[in-house]
Amino acid sequence: MSRISTRIAAISESATLAVDAKAKALKAAGRPVIGFGAGEPDFPTPEYIVEAAVTACRVPRFHKYTPAGGLPELRAAIAEKTERDSGLKVEPSQVLVTNGGKQAVYEAFAALLDPGDEVLLPAPYWTTYPESIKLAGGVPVEVMTDETTGYLATVGQLEAARTDRTKVLLLCSPSNPSGGVYPRDQVEAIGRWAAEHDLWVITDEIYEHLVYGDAEFHSLPVVVPEMADRTLVLNGVAKTYAMTGWRVGWLIGPADVVKAAQNLQSHATSNVCNIAQAAALTAVSGDLSAVEEMRDAFDRRRQTIVRMLNDIPGVLCPDPQGAFYVYPSVKELLGKQIRGRRPQTSVELAELILEEAEVALVPGEAFGTPGYFRLSYALGDEDLAEGVSRIGKLLSEAS
C-alpha cells in the first residue's frame, strides 16, 4: 500500500519555484548564478504599504481571528478597485480574499468541478493550473498555441477541443508564461462562444496593469456582460504592488460560488493574515503610481531581452505584450552539439545552460509546450544583460 495518496502523489512540484530554489542554493554555495525563473518583481514593496502593515501590527483587533472571507473593509475596497481598473461592478459579497493567487486558483476549480469535468486549458499555461484542476477532480484539456499566433487560442481551436464533458475555460491575459494579451475582439468572440455553450470561464487577471505598447487589457465579463454570472475573476496584489511574499489574492464571482469557496477556505486556512490584509487594503485603495514606475522599467527590460535573445542563432523570441516574461522557441537548437553534448529536449538544454553558463531558466515542458524557455525579465538590468550574454555565448557554440 502506498504511503502517499494517489491524488497527492500525482501532483508535481512547481517547476518555477524549483528552478528558483536551485538557483538560490547555487548562489548560496558561491556560484554566480543568474536566475530568470521566478515571476516576481525585483522591486521592494512600496514603503507606504509597509508602514500600513507596521501600524496594523499594533491593532489588537488584528491579533484575533477575523472573517474567513476577508476583512470587510478589504472586500469592499477590492470591489471598488475592480470597478475602477477593469469596469466590472461587483458587491463586496462577491469577493473572497485568499492566501495568494494560488489559493484562489484552486478554490475556483474546487467550487466548480465535479469528478470528470473537463477544463479547456490553452498552452503554454502557468504550471499551477493543471495541478489545481486535477486536485479538484477535473480533467485538463490542453489547447495548443505557438509563437505564430502570439500564443493566443482561437474560438476554432477551443470549439475543436470542447466535448459534452467541458465545463470551464481557463483564460489568462496578460499571460504567464507567454506575455500574450488577447485583443478586445478576441475576448468578445471567446466570451460569446462560452455563453453559447453554457460554459464557465475562470479568468486570471493578476497581470492586468502590465501591458506595453498598443496592447490593452480587457476583462471578459465586462466585454461580454452576459458572462458575468458564469465567470470567476482571479487577481491579487503580488505583481501590481511587488507583494509576492505577502500572500494576498482574491476570487470574484457570483455570490453563491464565492460563498461555497469561502466555506472551503473556512476549513482549509481560516482568515488570511490580518497584517497582510491591512497592507493590501492600503495598496488597492491607493493610486497606481507604484506600478507605473515598475511598468516603465519592465518595458525597458522587455525590449532589451527580446533584442538580445533574437540575436542568438537558433532562438526565436516573439515580442510579449504583457506581464514580465518572454517565451522564446529554442527548437532549432535541440539535437545540436554544445560542449560535447546534444540536448534533445528543452529540459536538457536548460540543464546544460545552468551547468555551463550558470544561468537558471524554466524549460517549456513545465508549461505544456516542449521546445521553449520562459525567462522572467523582472530582475535588474545588469543581471538581465549579463545573463542573456552568457546564454548567447554558450549557444553560439552549437553545431
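Under the 4.0 Å criterion applied to side-chain N and carboxylate O atoms, R341 and E355 are assigned as salt-bridge partners. Taking 4.0 Å as the cut-off between side-chain N and carboxylate O, R184 and E216 do not count as a salt-bridged pair. A salt bridge between D42 and R301 is present, with a side-chain N of the basic residue lying under 4.0 Å from a carboxylate O of the acidic one. A salt bridge links E226 with R192: at least one charged nitrogen is closer than 4.0 Å to a carboxylate oxygen. R61 and E73 are joined by a salt bridge, as a carboxylate oxygen and a charged side-chain nitrogen come within less than 4.0 angstrom of each other. For D319 and R302, the salt-bridge test passes: some basic side-chain N is under 4.0 Å from an acidic carboxylate O.
No side-chain heavy atom of V258 sits less than 4.5 Å from a side-chain heavy atom of S93. Residues P183 and L152 meet the side-chain proximity criterion, which asks for heavy atoms closer than 4.5 Å. Here the side chains of D381 and T304 are not in contact, with every heavy-atom distance at 4.5 Å or above. Using a 4.5 Å heavy-atom threshold, the side chains of L113 and I133 count as touching. Under the 4.5 Å side-chain criterion, counting only non-hydrogen atoms from C-beta, Y372 is not in contact with P177.
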Derivation and outcome, side chain to side chain contact (heavy atoms under 4.5 Å, CB included), residues E293 and F43 | CA-CA 10 Å; E293 294 177 10; F43 302 95; over 6 Å; no

Run the numbers on I202 and Y129 for side chain to side chain contact (heavy atoms under 4.5 Å, CB included), then give the verdict.
-> CA-CA 11 Å; I202 296 176; Y129 295 144; over 6 Å; no

For F36 and D383, what are the C-alpha separation, side-chain angles and deciding distance, and is it a side chain to side chain contact (heavy atoms under 4.5 Å, CB included)?
-> CA-CA 9 Å; F36 289 90; D383 279 349; over 6 Å; no

Would you sort out whether T98 and E107 count as a side-chain hydrogen bond (donor to acceptor under 3.5 Å, both in side chains), showing the intermediate values?
-> CA-CA 9 Å; T98 61; E107 290 179 351; 5.8 Å; no

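Without hydrogens or angle criteria, T166 side chain to T163 main chain gives a donor-acceptor distance under 3.5 Å. Listed for the S173 side chain is no donor-acceptor partner under 3.5 Å among the backbone atoms of S175. A donor-acceptor pair under 3.5 Å is absent between the side-chain atoms of K81 and the main chain of A283, judged by distance alone.
Using cut-offs of 30° and 60° for the angle between ring planes, the Y151 and Y327 rings count as perpendicular.
Atom CZ of R295 sits about 8.0 Å away from atom NE2 of H209, to the nearest 0.5 Å. Atom OG1 of T231 and atom CG of L88 lie 8.5 Å apart (nearest 0.5 Å).
Side-chain heavy atoms closer than 4.5 Å link hydrophobic residues (I, L, V, M, F, W, Y) into clusters, and following such links, possibly through other members, connects L210 to V326.
A distance below 6.0 Å separates the ring centres of F324 and Y207.
In summary, the side chains of S219 and E205 do present a donor paired with an acceptor at a separation below 3.5 Å, with no hydrogens or angles considered.
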